[in-house]
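A note on names: the letters A, B, ... follow the listed sequences, proteins ahead of strands, and every chain is numbered from 1. These figures come from a predicted structure and were not determined experimentally. Worth knowing before you read on, the calculation uses all heavy atoms, side chains too, and leaves out hydrogens, waters and symmetry mates.
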Amino acid sequence: MHRFANPARFLRIAAIVQPWAMAVAVLSFAAGLWFSLLASPADYQQGETVRIMYIHVPSAWMGMFCYTAMAVFSAMGLIWKHPLADLMARATAPVGAAFTLICLVTGSLWGKPMWGTWWVWDARLTSMLILFFLYLGYMALADAFDDPERGQKAANILALVGVVNVPVIKWSVDWWNTLHQPASVVKMGGPAIDASMMVPLILMALAFKAYWVVVLILRTRAEIAAAKLRTLRMAQVHAAGQTEVELHG
Amino acid sequence: MTRKKRRLYFVILGLLAVGTAAALVLSALRQDIVFFFSPTEILEAKVQTEGRRIRLGGLVEQGSVVKEGAKVRFKVTDGAHALPVEFEGLLPDLFREGQGVVTEGRMGAGVFLASEVLAKHDENYMPKEVADSLKKSGHWQGEEKK
Amino acid sequence: MADLTAFFAMGGHGGYVWPAYGLAVLVLVVLLVASIRAVRKQERDLETIQSLRPARRRRTSVNQGEQA
């Protein structure tokens with residue numbers, strides 16, 4: 001496998017995809033905000049706080065989606081030693097962590113007025129918090145070693161081990177009694193959300209997914225450049241012992 | 001190629017091992033991860049209630065809420081059994097008859113003495129008009145679940 | 001004006017709804033800006049090094065191709 005062939009192809013595809021992803025992200029986020037704050041009804045039970053759902057639920061989806069993507073990239077990195085897969089896993093981690101954080105905080109802001117508490121240690125909330133720590137652990141491990149390859153390997157293994165948490169999050173509300181209510185959108189017999197509330201939910205989910213594409217491309221580009229820099233610097237150091245000073249200056 | 005295959009099998013085996021371990025741990029913890037118990041479980045003494053703080057969850061029985069000053073009495077039901085609850089304090093917004101509730105406290109003499117009441121909402125989201133017309137036409141199916 | 005006040009009040013729950021939206025926007029914008037800055041920095045550094053030693057760059061990239 002040519003070491004730089006795939007990153008080069010990635011950069012070519014990324015250059016085409018990026019403006020489109022950005023356009024989708026901006027447009028669907030604007031439309032999503034319009035619908036979620038203005039053009040959608042209040043809930044019959046929860047009143048206006050239902051608007052928190054349009055941020056909270058898509059963020060939760062993204063938290064789980066990004067982790068799954070990260071685990072797949074990590075597996076590709078481990079098995080096929082695919083350098084691009086490692087870089088894409090690294091690029092996804094902060095996005096997933098950000099969405100998981102948003103999910104946790106908005107859930108707290110929603111739980112206080114509706115449930116009467118900011119936080120409870122039920123299975124759904126706890127497994128989501130574990131997801132957040134898995135992201136933090138992955139990012140810390142990936143950068144913890146002086147030898148980037150060793151750190152990447154440890155981080156990849158953590159990502160794979162942690163993937164068992166994803167189905168636990170998804171089905172925690174069905175397996176155990178929780179304070180959190182069961183799934184509304186993805187369930188047997190169709191969603192339990194009125195169509196007028198599905199519109200902002202889907203728009204926000206689309207906006208977040210497009211945002212992930214944009215940031216994934218940006219961060220992967222940065223990782224590719226950083227990796228090339230590392231190899232160039234090392235090669236030059238090898239080639240001419242003393243050039244290091246000049247390069248860093 | 002063989003090294004790649006070996007790594008692939010290694011990863012798959014590792015995932016299987018971790019998955020099995022997680023499944024075993026979770027099924028062993030099944031009882032402890034439970035966030036609340038139903039009135040039936042408590043009344044039929046399926047859970048140890050003496051000298052222990054527990055959570056009781058279910059629906060607030062229709063017509064059972066009585067307010068006496070700062071004190072509130074109501075019944076929590078799971079359809080089969082109803083358990084009287086006493087609580088003194090601030091109730092959450094969503095606390096309503098027919099709605100889900102999780103209370104935390106101790107079992108007294110036939111009465112659950114709650115020190116905290118949390119509302120549990122269902123998975124249905126709709127505007128008020130839709131809820132009203134569903135109720136009118138008899139297609140209402142929320143709230144009675146569980 | 002009354003409409004606007006009602007909009008910001010969010011049925012008395014404005015104190016929960018607005019921070020939720022504010023935080024989401026803040027986190028996403030911060031991550032986006034940080035990512036853009038990282039790309040700019042790394043790609044600029046790479047260009048600087050490559051322009052410093054154009055001849056060597058060609059040789060190293062050939063070497064890397066052979067290594068893989």
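Residue A:Val168 touches chain B through its side chain alone, counting heavy-atom pairs closer than 4.5 Å. The part of A:Ala183 that comes within reach of chain B is its backbone (N, CA, C, O), which places non-hydrogen atoms under 4.5 angstrom from that chain. Both the backbone and the side chain of A:Thr117 have a heavy atom closer than 4.5 Å to some heavy atom of chain B. Using a 4.5 Å cut-off between heavy atoms, A:Met198 makes no contact with chain B at all. With a 4.5 angstrom heavy-atom cutoff, A:Val161 touches chain B via backbone and side-chain atoms both. Contact annotation for B:Val101: neither backbone nor side-chain heavy atoms come within less than 4.5 Å of a heavy atom of chain A.
A pairwise comparison of heavy atoms in A:Thr178 and B:Phe35 identifies CA-CB, 4.0 Å as the closest pair. The nearest pair of heavy atoms linking B:Ala119 to A:Met114 is CB-O, 3.4 Å. The heavy-atom pair separating A:Trp115 from B:His121 by the smallest distance is NE1-CD2, 3.3 Å. Here the closest non-hydrogen pair linking B:Leu15 and A:Leu160 is CD2-O, 3.4 Å. For the pair A:Ser184 and B:Glu123, the tightest heavy-atom approach, listed with the atom from each and the gap, is OG-O, 2.7 Å. Counting all heavy atoms, side chain and backbone alike, A:Tyr44 lies closest to B:Arg96 at O-NH1, 4.3 Å.
Put simply, the residue from A:Val163, A:Ile157, A:Val164 that forms a side chain to side chain contact (heavy atoms under 4.5 Å, CB included) with B:Val18 is A:Val164.
Side chain of A:Asn177 to backbone of B:Phe36: a donor-acceptor contact under 3.5 angstrom is found.
Heavy atoms of other residues, nucleotides or ligands lying less than 6.0 angstrom from CZ of B:Arg53 number more than 12. Counting non-hydrogen atoms of neighbouring residues, nucleotides and ligands closer than 6.0 angstrom, the CH2 atom of A:Trp34 reaches no more than 12 such neighbours. With a 6.0 Å radius and a threshold of 12 heavy atoms from other residues, nucleotides or ligands, A:Trp119 has its CH2 atom above the threshold. Counting heavy-atom neighbours within 6.0 Å of B:Leu13 CG, excluding the residue itself, gives a total above 12.
Ranked by heavy-atom pairs under 4.5 Å with chain A, the list B:Asp93, B:Leu91, B:Leu90 is led by B:Asp93. Note: A:Ala192 leads A:Ala192, A:Ala123, A:Gly116 in heavy-atom pairs under 4.5 Å with chain B. With chain A as partner, the option from B:Val102, B:Ile12, B:Val11 having the largest number of non-hydrogen pairs under 4.5 angstrom is B:Val11.
Atoms CG and CG, on A:Asp43 and B:Leu94 in that order, are 8.5 Å from each other to the nearest 0.5 Å. Residue A:Gln45 holds its CD atom at 9.5 Å from CG of B:Asn124, rounded to the nearest 0.5 Å.
In this structure, the side chains of A:Gln181 and B:Asp122 stay at 4.5 Å or more apart for every pair of heavy atoms.
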